[in-house]
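So the structure is just underneath, and the comments pick up after that.
The figures here come from the full heavy-atom set of this structure, side chains too, leaving out hydrogens, waters and symmetry mates. Since we're looking at a predicted model, the values are computed, not measured.
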Amino acid sequence: MKQVKRMLWGVTFIVLGVILSLDAFDVVRMDLFFDGWWALFIIVPCTIGALTDYDKAWDIVGIVVGILLLLVSQDAFNAQLVGKLVVPIVLILVGLRLMWRGIFARGSQEAARRAMAAGKSLPEYSAVFSRQSRDFAGENFSGGEFTAAFGRLDCDLTGATITDEAVIRANGIFGRVVLTLPADADVMVSSHGLFGGMTNGRTHGGTGTAGAIRIYVSGSCALGGVSLR
């Protein structure tokens, strides 16, 4: 995800540089210092964070607060009304975040903590402005973070060696991650998306037995998606 974040920041600076160049040559006339321009220093970083960070709650709070401040500066909203709404909105978003993490993501978080305690890290696999395929046949697999940004990443785990459980974090940012999982695995899924989502095309739910391998999949989608097969 660090690679994707650097790429988005690079695109942001390139766009800003192009706009300033066009303004210097009088190709376009833009007033960059409009009322409330400073709110962009809140909105832009939080937007990039919402697209790339695993935990998006505070980024979304920052986007909402930044937009409200921009609208107040543009006299689109009453400042006193916005001041009264900021705290309730933040409390609602924090409450939703706690409920979501407590109900849907508990299993994957506990598995990730156990993996970290055992000294295991999640290796990263990514496809940026491209389509990549990865076959884990014959490899020991305990987890990984898979990211597709402006591209597609196909990963086949049907032949991988999973001893007990595995933790997967899949991120689709203007792209799609496709995970083909073992047919006999018990898969626990949690996801959250921003104009995107996860689709579960598995027609089998695992064996459900005590000795079955368990795979925790946590999906994060922003104008993209994650597919399970």
Side-chain angles (χ1 to χ4, degrees), residues 1-20 23 30-109 112 126 128 145-150 169-177 189-199 217-226:
M1 292 297 285
K2 292 181 180 179
Q3 180 182 2
V4 177
K5 180 174 287 189
R6 287 195 297 267
M7 179 195 66
L8 291 176
W9 272 113
V11 170
T12 300
F13 283 117
I14 290 172
V15 170
L16 180 60
V18 169
I19 292 174
L20 291 174
D23 181 67
M30 297 188 64
D31 183 10
L32 295 179
F33 299 100
F34 54 86
D35 292 338
W37 63 271
W38 46 268
L40 295 178
F41 286 97
I42 301 175
I43 298 172
V44 173
C46 289
T47 300
I48 293 176
L51 292 173
T52 57
D53 292 342
Y54 179 71
D55 189 347
K56 307 176 186 297
W58 295 114
D59 295 313
I60 294 175
V61 170
I63 292 172
V64 172
V65 171
I67 291 175
L68 289 176
L69 292 173
L70 178 60
L71 293 175
V72 169
S73 300
Q74 294 285 329
D75 294 327
F77 272 176
N78 182 274
Q80 292 183 345
L81 177 61
V82 170
K84 294 178 180 178
L85 288 176
V86 168
V87 173
I89 290 174
V90 171
L91 290 176
I92 290 172
L93 291 174
V94 171
L96 291 174
R97 171 181 179 271
L98 293 174
M99 291 176 59
W100 180 269
R101 290 170 66 90
I103 296 174
F104 296 103
R106 183 180 303 169
S108 60
Q109 291 171 358
S126 62
V128 181
E145 183 167 5
F146 303 90
T147 301
F150 300 96
R169 290 179 178 174
N171 311 292
I173 305 170
F174 293 95
R176 179 165 294 274
V177 177
V189 178
S190 65
S191 66
H192 52 273
L194 180 67
F195 302 108
M198 176 182 287
T199 58
V217 181
S218 179
S220 177
C221 309
L223 297 168
V226 176

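- Taken from CE in M198 to OG in S218, the straight-line distance is 7.0 Å, to the nearest 0.5 Å.
- Here the straight-line distance linking atom CG of L40 with atom CD1 of I67 works out to 10.5 Å at 0.5 Å rounding.
- Heavy atoms only, all atoms of each residue included: S73 and G36 are closest at CB-CA, 3.4 Å.
- For the pair D35 and L70, the tightest heavy-atom approach, listed with the atom from each and the gap, is O-CD1, 3.9 Å.
- In summary, of the residues considered (T199, N171, V226, V177), a side-chain contact (heavy atoms from CB on, under 4.5 Å) with C221 occurs for V226 alone.
- Nearest heavy-atom pair, A39 versus G66, reported as atom, atom and distance to 0.1 Å: CB-O, 3.7 Å.
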